[in-house]
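Below is one structure; the comments refer to it alone.
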Amino acid sequence: TPSPGKCHTRYPAIRLPLEALEEVNVFVRMRTQTTLDVPLWLYEPVTFAEQAARWELLNLFAFGGLAVLFVLVVIFGLVTRIPGYFLYAASILGDSIVCWISSGYWHWFQWPGHVFWSTQGFLLAMEVATITLLLYLRAFFDLRRQTPRYDRFLLVLVAIAMLLMPLSQ
């Protein structure tokens with residue numbers, strides 16, 4: 001049986017060799033500062049490898065799509081010289097960082113600061129992605145010209161969000 005210890009990965013795989021019809025008790029003790037969802041699956045090794053390969057393919061597709069979209073938006077921004085494209089590129093970059101943090105790759109590649117990235121880093125990335133998306137939508141819908149009152153309201157909301165950002169950390 002595995003020895004007790006700390007698990008510092010987002011999707012831990014703990015090997016538990018069992019003989020046919022053997023019973024085992026599994027106890028899990030957790031402490032967290034945030035909401036926690038703890039799924040527990042039991043796989044045969046071959047099934048686990050197949051499942052992990054499918055998840056990695058999905059992550060590869062998502063990151064690849066975001067990368068292609070980011071490059072295209074930057075190219076469109078350079079060609080058309082429309083500032084809204086660069087706000088959209090910043091929003092895509094923020095979303096990519098959120099996906100990177102939530103996927104657990106930063107930990108698998110043994111980057112430092114796992115406590116920061118799993119708590120404050122995720123919140124910071126979400127806030128930056130949301131603020132840049134709001135600024136992009138403001139430019140896309142041309143709120144300054146179409147609805148000046150709503151434009152000012154949106155700018156006040158963005159300013160408040162930026163001022164409150166350090167407090168969420």
Value rounded to 0.5 Å, distance of CG in Asp95 from OG1 in Thr132:
7.0 Å
Cluster link Val98 to Leu58, ILVMFWY, side chain under 4.5 Å
no
Residues at least two apart in sequence or cross-chain that pass side chain to side chain contact (heavy atoms under 4.5 Å, CB included) with Leu87, listed by chain then number, are Leu135, Tyr136, Ala139
Mind listing the side-chain donor-acceptor pairs of residues 61-74 below 3.5 Å, one per line with the distance, residues two or more places apart or on another chain?
none

d(Leu93 CG, Trp100 CH2) to nearest 0.5 Å is 12.5 Å
Closest non-hydrogen contact found for Ser91 with Leu133 is OG-CB, 3.5 Å
In terms of heavy-atom contacts, Gly94 and Ala129 come closest through C-CB, 3.7 Å
Which residue pairs pass the side-chain hydrogen bond (donor to acceptor under 3.5 Å, both in side chains) test when at least one of the two sits in residues 146-155, sequence neighbours left out?
Arg138-Asp151
Say you draw a straight line from CZ of Phe122 to CD of Glu127; how long is it, rounded to the nearest 0.5 Å?
11.0 Å
Return the set of residues passing side chain to side chain contact (heavy atoms under 4.5 Å, CB included) with Phe86 (not counting sequence neighbours), or none when no residue passes.
Leu78
Test side chain to side chain contact (heavy atoms under 4.5 Å, CB included) applied to Leu143 and Leu154, step by step:
CA-CA 9 Å; Leu143 294 182; Leu154 185 63; 3.8 Å; yes
With sequence neighbours excluded, residues passing side chain to side chain donor-acceptor pair (under 3.5 Å) with Arg54
Gln51
Taking side chain to side chain contact (heavy atoms under 4.5 Å, CB included) as the test, write out the residues that go with Glu22, two or more places apart.
Leu18, Glu19
